[in-house]
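Notes to accompany the following structure.
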2 protein chains.
Amino acid sequence: MAEADDLDTVKKHGSSQTFVKSISHFSISLSTGFPEYSSKLAFSTKTFDKSISQIRRPHPVNTETDRLDAKLVDVAKRAGCSPATVSRVLNNNPKVGLGVRERVLKAATDLGYVPNGSARALRSTRTRLVGAIIPTLDHAIYATMVNSLQTRLSERDVSIIISTSFYDVDMELEQARLLVERGVEAIALVGSTHRPETLAMLEQRNIPYVYTYTSDATAVGAAIGFDNVKAGRMAARYLLDLGHKRIAMIAGITRDNDRAASRRNGFLEELVKSGLGKTDIPVVESAYKIEGGRAGMQALMAAEQPPSAIFCGSDIIAAGAIKYCHDKGLSVPRDVSILGFDNLEIAELTTPDLTTVEVPAREMGTIAGDYLLATPAQREHMRQRELPLRLVVRASTAPIAR
Amino acid sequence: MAEADDLDTVKKHGSSQTFVKSISHFSISLSTGFPEYSSKLAFSTKTFDKSISQIRRPHPVNTETDRLDAKLVDVAKRAGCSPATVSRVLNNNPKVGLGVRERVLKAATDLGYVPNGSARALRSTRTRLVGAIIPTLDHAIYATMVNSLQTRLSERDVSIIISTSFYDVDMELEQARLLVERGVEAIALVGSTHRPETLAMLEQRNIPYVYTYTSDATAVGAAIGFDNVKAGRMAARYLLDLGHKRIAMIAGITRDNDRAASRRNGFLEELVKSGLGKTDIPVVESAYKIEGGRAGMQALMAAEQPPSAIFCGSDIIAAGAIKYCHDKGLSVPRDVSILGFDNLEIAELTTPDLTTVEVPAREMGTIAGDYLLATPAQREHMRQRELPLRLVVRASTAPIAR
DNA sequence: CTGTTAGCGCATTCAC
DNA sequence: GTGAATGCGCTAACAG
């Protein structure tokens, strides 16, 4: 990876492009899906006249004094060429004379010209917009994914519209419809549980979509994530190997949440395979909040024979569970082992540090971005991507005592 | 405010609007800035034909078999009226006969009609799009704000384009330009440090903008947040009142970050006012990461006379600081008091629980949303909003020993 | 290589 | 109340 080279480049070109360039080699280069624009170069650091502001004006504007928004024609006039040529320059069309190109660029910056995205989109059917619908940004695991997704997209000047469904597939459909109306060219979703209408709408309109946090691709949709059932099994295996017999789980709310449900299923499956009676495995569900974990723990530990090991559907739940133990004087992991999921930054803040299953959130975002940016042909090879899960063993789990 | 009416409407139409409506009374109702559309009602739960998908097609489409995207004219034909009338129905124009209206709605749902946002935007100059530029989504404090901002906007079917600047004002300018090109009708920014070109561009094009996390409004821009200097002073005051004399700070990186800088300045100011020599107050800066806090703490505690109280620019830094103490066998707060900032969920995960200054992130997002949705006239009364800061005293701070 | 000609899909004047 | 006409600003054919 040519880290040094890029840093050099960056310094030469000044600061505004810095980030974009410096991270571009983290992912494959996909030139066709969303080709680069040159307009950026032309109009970025333009100085604007600050004094003319605050003039409210109705739709049809044309007072002579109104230099406000130059249009493509104005640029053409100033550059002494046709609108078509200006358009070509803007779109980086190579077959324009060097001289004209420069005159156009100059005229554009002089006028402070900013292209009208709506007109462009209407005419070209390319909006350079993608959408993402996630459950919430309030959970770090999604925020992190979106962050890297957005970063990847911004490298190609593609903007992202984000909406949150609060784990509700009906709301998701509503938002998907709005995104389609906005003309997004592709959509990222979370998980594989969606209203059939949502998918049908996207497929009918030929809008590619990608699932994240799951590896279950559909016939036409892609999936970039991991196998949640496997994740649950991995957790179970680990606790079993530690010698635990009384094992429980605090899952996330499984309604409309296939990831939470699959993790639980895989977990139970593996335990049952190892001889545990399915009904002997206490499972409670709680929201992804510290308080949820605390409450879940309380419910679990109220049993006559409380579990010696507990798998939590998220680190945040695990943190709440540990907190409950502190309050009740239970020692972790001596009295009870706690296993988390996600490997959020907070996994290092609990006492003891949390053993957890790491979810590759950042990587998912980047790769999902690559998928959304790809051409249809390229997408064929990217339809399914199962990223590895990693068990991060820290101090909240231990072999069963005695 | 016709709150009750709205709720009624919602129930009749099924679940998808529920959440949206149910939280709308947390904020004032602003009807004019972004008026409601009715199109939502008409096309939300439509069933689409899944089988016709995956047909790639060039721009001009018109094969008879291509039912793919019905346009407004098609709806008009099917409803037996003029395009103008369909448009009126879509835009909730009251002067359309009830009979026609229903026929139009039916025709639209039958055809699976979805309006073309670009065309609409081009013609009406209303995109129903706003932008937000934040440093990063990887910091919970921003993710939370964006989450509530997006939630508020979605209640009015306004979409949000998010981009991240990574604390770089040049990158911010670049993104602002792109947002303007996309036609956003308003923009939310973080803090009050921006390139003059950025603001000039927005002002020249008459795009309202609002600062968050600060209360420093500009001549034309609004600010919804809190006073960072005051926040720093509050922190200092608290530690002083606890009797501490050797006080230090681990600030965030202050470059391009007025919030971090102001907090530090306010903090120092108050200490100096109380007789401490400015040069006697150790200040280090670190990234908003646990590791940053740990490193900062190490630097601070290496002094001959280490501080007895430390103010951290963020809870995440404070968590790292506490972690360092654990590792080194230092007791918090006996040996050293740690004061955080933000009141993230993690403030309850440290041992001991973290005393911190609470930042109203969620509320800022909601109110900023209100501002962006408001009409120009309404905005006059919302130009500046200083939200209260609250000191949340927990267990990581104590009076100076002896 | 460059200019000319036509719309993209819709909302908004106006008439009626 | 409703319809007919007219562009919004831009890009894509097609000529030359």
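Lettering of chains follows the sequences in order, A, B, ..., and the numbering in each one begins at 1. This structure is a prediction, so every number in the text was calculated from the model and none was measured.
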Respond yes when some side-chain nitrogen or oxygen of [X] is under 4.0 Å from OP1 or OP2 of [N], and no when none is.
{"X": "A:T85", "N": "C:dG3", "value": "yes"}
{"X": "A:Y113", "N": "D:dG9", "value": "no"}
{"X": "B:R120", "N": "C:dC10", "value": "no"}
{"X": "B:N116", "N": "C:dC10", "value": "no"}

Gap between atoms [atom1] and [atom2], on [X] and [N] respectively (whole Å):
{"X": "B:R88", "N": "D:dG1", "atom1": "CZ", "atom2": "P", "answer": "11 Å"}
{"X": "A:N93", "N": "D:dC10", "atom1": "CG", "atom2": "P", "answer": "17 Å"}
{"X": "A:L72", "N": "C:dT2", "atom1": "CG", "atom2": "P", "answer": "15 Å"}
{"X": "A:R128", "N": "D:dT11", "atom1": "CZ", "atom2": "P", "answer": "12 Å"}
{"X": "A:L90", "N": "D:dA12", "atom1": "CG", "atom2": "P", "answer": "12 Å"}
{"X": "A:D74", "N": "D:dC8", "atom1": "CG", "atom2": "P", "answer": "12 Å"}
{"X": "A:D69", "N": "D:dC10", "atom1": "CG", "atom2": "P", "answer": "9 Å"}
{"X": "B:L122", "N": "C:dC8", "atom1": "CG", "atom2": "P", "answer": "13 Å"}

> Going by atom types alone, do A:Y209 and A:T198 pair a side-chain donor with an acceptor below 3.5 Å?
Replying inline: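 Distance-only check fails for A:Y209 and A:T198.
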> Is the closest side-chain donor-acceptor distance between B:Q378 and B:Y371 under 3.5 Å?
Replying inline: no
> How do B:V96 and B:A119 order along DNA chain D: which one's closest nucleotide is nearer the 5' end?
Replying inline: B:V96
> When the nearest nucleotide of DNA chain D is assigned to A:K95 and to A:S87 on a heavy-atom basis, which residue is associated with the more 5' position?
Replying inline: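 On the 5' side of the pair lies A:S87.
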>> Once hydrogens and angles are ignored, does a donor-acceptor distance under 3.5 Å link the base of D:dG9 to the side chain of B:R123?
In response: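 Counting by modelled atom types and ignoring angles, no donor-acceptor contact under 3.5 Å is found here.
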[X] has a side chain; which of [options] sits nearest to it?
{"X": "A:S82", "options": "C:dT4, C:dT12, D:dC10", "answer": "C:dT4"}
{"X": "B:A84", "options": "D:dT11, D:dA4, C:dC10", "answer": "D:dA4"}
{"X": "A:P83", "options": "D:dG9, D:dG3, D:dT11", "answer": "D:dT11"}
{"X": "A:S124", "options": "D:dA12, C:dC14, C:dA11", "answer": "D:dA12"}

> B:V86 near the nucleic acid: base, sugar-phosphate alone, or nothing, with a heavy-atom cut-off under 4.0 Å?
Replying inline: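 The residue B:V86 makes no contact with any strand.
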In plain terms, say whether [X] and [Y] are close enough for a salt bridge, that is, a side-chain N and a carboxylate O under 4.0 Å apart.
{"X": "B:D69", "Y": "A:R205", "result": "no"}
{"X": "A:D110", "Y": "A:K106", "result": "yes"}
{"X": "A:R152", "Y": "A:D370", "result": "yes"}

